[in-house]
K.L.:
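This is the structure I have questions about; it appears just below.
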Number of protein chains: 2
Amino acid sequence: MVSKLERTGDVPIIISTRQGVPVSSANSLAVEDLGSAAQRDRRKRILDATIALASQGGFDAVQMRAVAERADVALGTLYRYFPSKIHLLVSALQREFERTETLLRDKPVDGDTTAERVINVLKRTTRGMQSDPKLTEALTRAFMFADSSVQAEIHQVGMLLTSMLTRVMRPEAHDELTEEDVAIAKVIGDVWLSALVGWVTGRNSAAETGQQIEVAVKLLLRD
Amino acid sequence: MVSKLERTGDVPIIISTRQGVPVSSANSLAVEDLGSAAQRDRRKRILDATIALASQGGFDAVQMRAVAERADVALGTLYRYFPSKIHLLVSALQREFERTETLLRDKPVDGDTTAERVINVLKRTTRGMQSDPKLTEALTRAFMFADSSVQAEIHQVGMLLTSMLTRVMRPEAHDELTEEDVAIAKVIGDVWLSALVGWVTGRNSAAETGQQIEVAVKLLLRD
DNA sequence: CGGACAATTGGAACGTGTTCCTATTTTATC
DNA sequence: GATAAAATAGGAACACGTTCCAATTGTCCG
């Protein structure tokens, strides 16, 4: 439906206000929604606490009371920033993803063919996630469990993933993406997510996860 | 890893006993685990209640107390049959899936090319699921949220899906599946699941979901 | 049939996500 | 700097998944 990806750096459009606060399309308070430095800091502390707890004990260890305490914030405040545990975790995922994406943007990906480059990027990312299994479990499960109220945040992440892939697929002419390029990137993103879920739930080993992705990419990018 | 799919009719291997009851590889009590007709009937009532509630109000409406009451069973009994809400819903999914699979087995799928047949089957199935959005939401979300304790049940469903696809891909010589056939089927299954999740969470319209699948299948089965 | 053991019932109790309320602190406006 | 509005703190309360237990019912073996 979208032939051109929005740039990831775009400023979200303000579509409504909540309690006087302009709210971007996402339901969680995004950084741009936050006025004061203290608020930005609170938001950061909350996400830091979330990731620390997730990294240590996975999805179940991310308990709202624990997050609030660790972030030195009242429970009500936590809920003002993130309306649910899922919103919180998906927002954390988004931040992590943005981090990896900017890291990736600098380092050129080696590989002669498109398929090789995509595989390299995905394997690198996957390896990164597998180095912190609990965190990955927490973030992945939140992402997959999210219902329509988290639509906006999910969409952000999905777009980040797709744009990450298309950038690797067409490093030179990223502007001239065809519909098919984007479609392929989406399919690959889907497979990657499924593979990740399989790994997180213990259905697939790390090796199998890698293979699964490799097979899919080779099938999809054989030209 | 598995070059040949197990047949779906296989009797599960008994690997342990629980409270004197032999338990198949799944953690939920499967039909084969149940001795008396009364027990099979209880199990059926529970799954019926689950599906009725899910169909009416989705994931959130499947409340364990409500299921127990509707199935005319004590809460403790419900938990004896299905150790968690997720187990319950994934088992319901499994039953539904088996039903559609047997329905499908009879009706021949039309379409000249492999791709066409696969697309037809998936679209048909997808349409069926979309006709009961709440139920689909409940079952899909449970499936994606399941953690490793539901591994066995999840595996069953995954295999059912893969075998459904390979049967359509190779209607004649289903015995001579190549590694690649199975790999492709798995990838398609992954994409289908992701598309379904996207639809369930309101990210994709029904039309987009169909297109997404079509694109993936055409890319994967272009020979 | 009687007795042992498993299954079921009915319901209390606990944990964690979520909501809600009041008092206090911070921020914005003049 | 004073005051109104918004944000935060602190914590009680509620909902639902889950666990647990005592009493009852069902099942099977001698």
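Naming convention: chains lettered A, B, ... in sequence-line order (proteins, then strands); numbering from 1 in each chain.
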K.L.:
Using whole Å, report how far CG of A:D72 lies from C1' of D:dA7.
P.N.:
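Atom CG in A:D72 sits about 15 Å away from atom C1' in D:dA7.
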K.L.:
Would you mind reading off the distance between B:R43 atom CZ and C:dA7 atom P, rounded to a whole angstrom?
P.N.:
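Atom CZ in B:R43 sits about 16 Å away from atom P in C:dA7.
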K.L.:
Measure from CZ on A:R45 to C1' on D:dA9 and round the result to the nearest Å.
P.N.:
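Whole-Å distance recorded here is 13 Å.
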K.L.:
OP1 or OP2 of D:dA7 sitting under 4.0 Å from any side-chain N/O of A:Y81?
P.N.:
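Checking D:dA7 against A:Y81, no side-chain N or O comes under 4.0 Å of OP1 or OP2.
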K.L.:
Salt bridge between A:K44 and A:D48, side-chain N to carboxylate O under 4.0 Å?
P.N.:
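A salt bridge links A:K44 with A:D48.
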K.L.:
Of the non-hydrogen atoms in A:F59 and A:K85, which two are nearest, and what is the gap between them?
P.N.:
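Closest pair (atom of A:F59, atom of A:K85, distance): O-NZ, 3.0 Å.
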K.L.:
Give a yes or no on whether a salt bridge exists between A:R105 and A:E101, defined as a side-chain N under 4.0 angstrom from a carboxylate O.
P.N.:
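The answer is yes: the pair qualifies as a salt bridge.
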K.L.:
With DNA chain D as reference, determine whether B:A38 or A:L78 sits nearer its 5' end, using the nearest nucleotide of each.
P.N.:
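Between the two, 5'-proximity favours A:L78.
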K.L.:
B:F82 CZ to D:dG17 C1': how many Å, rounded?
P.N.:
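Going from CZ in B:F82 over to C1' in D:dG17 covers 16 Å.
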K.L.:
Whether B:R99 and B:E96 form a salt bridge (side-chain N of Lys/Arg under 4.0 Å from carboxylate O of Asp/Glu) is what I want to check.
P.N.:
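Counted as a salt bridge, because a side-chain N and a carboxylate O are separated by less than 4.0 Å.
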K.L.:
According to a strict under-4.0 Å criterion, is A:T77 in side-chain N/O contact with OP1 or OP2 of D:dA7?
P.N.:
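Indeed not, no polar side-chain atom of A:T77 lies that close.
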K.L.:
Side-chain N or O of B:Q39 less than 4.0 angstrom from OP1 or OP2 on C:dA6?
P.N.:
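B:Q39 to C:dA6 OP1/OP2: no side-chain N or O under 4.0 Å.
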K.L.:
Does either side chain, that of A:E208 or that of A:S205, offer a donor lying less than 3.5 Å from an acceptor on the other one?
P.N.:
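Side-chain D/A pair, A:E208 to A:S205: present.
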K.L.:
B:R42 has an atom CZ; how far is it from atom P of D:dT25, in whole Å?
P.N.:
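Result: 14 Å.
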K.L.:
Taking the six-membered ring where the residue is Trp, are the ring centres of B:F143 and A:F145 under 6.0 Å apart?
P.N.:
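No; A:F145 has its ring centre 6.0 Å or more from that of B:F143.
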K.L.:
Determine, for nucleotides 11-19 of chain C in 5'-to-3' order, which nucleotides have protein heavy atoms under 4.0 Å from the base (write B), from only the sugar-phosphate (write S), or from neither (write -).
P.N.:
--B--BBBB
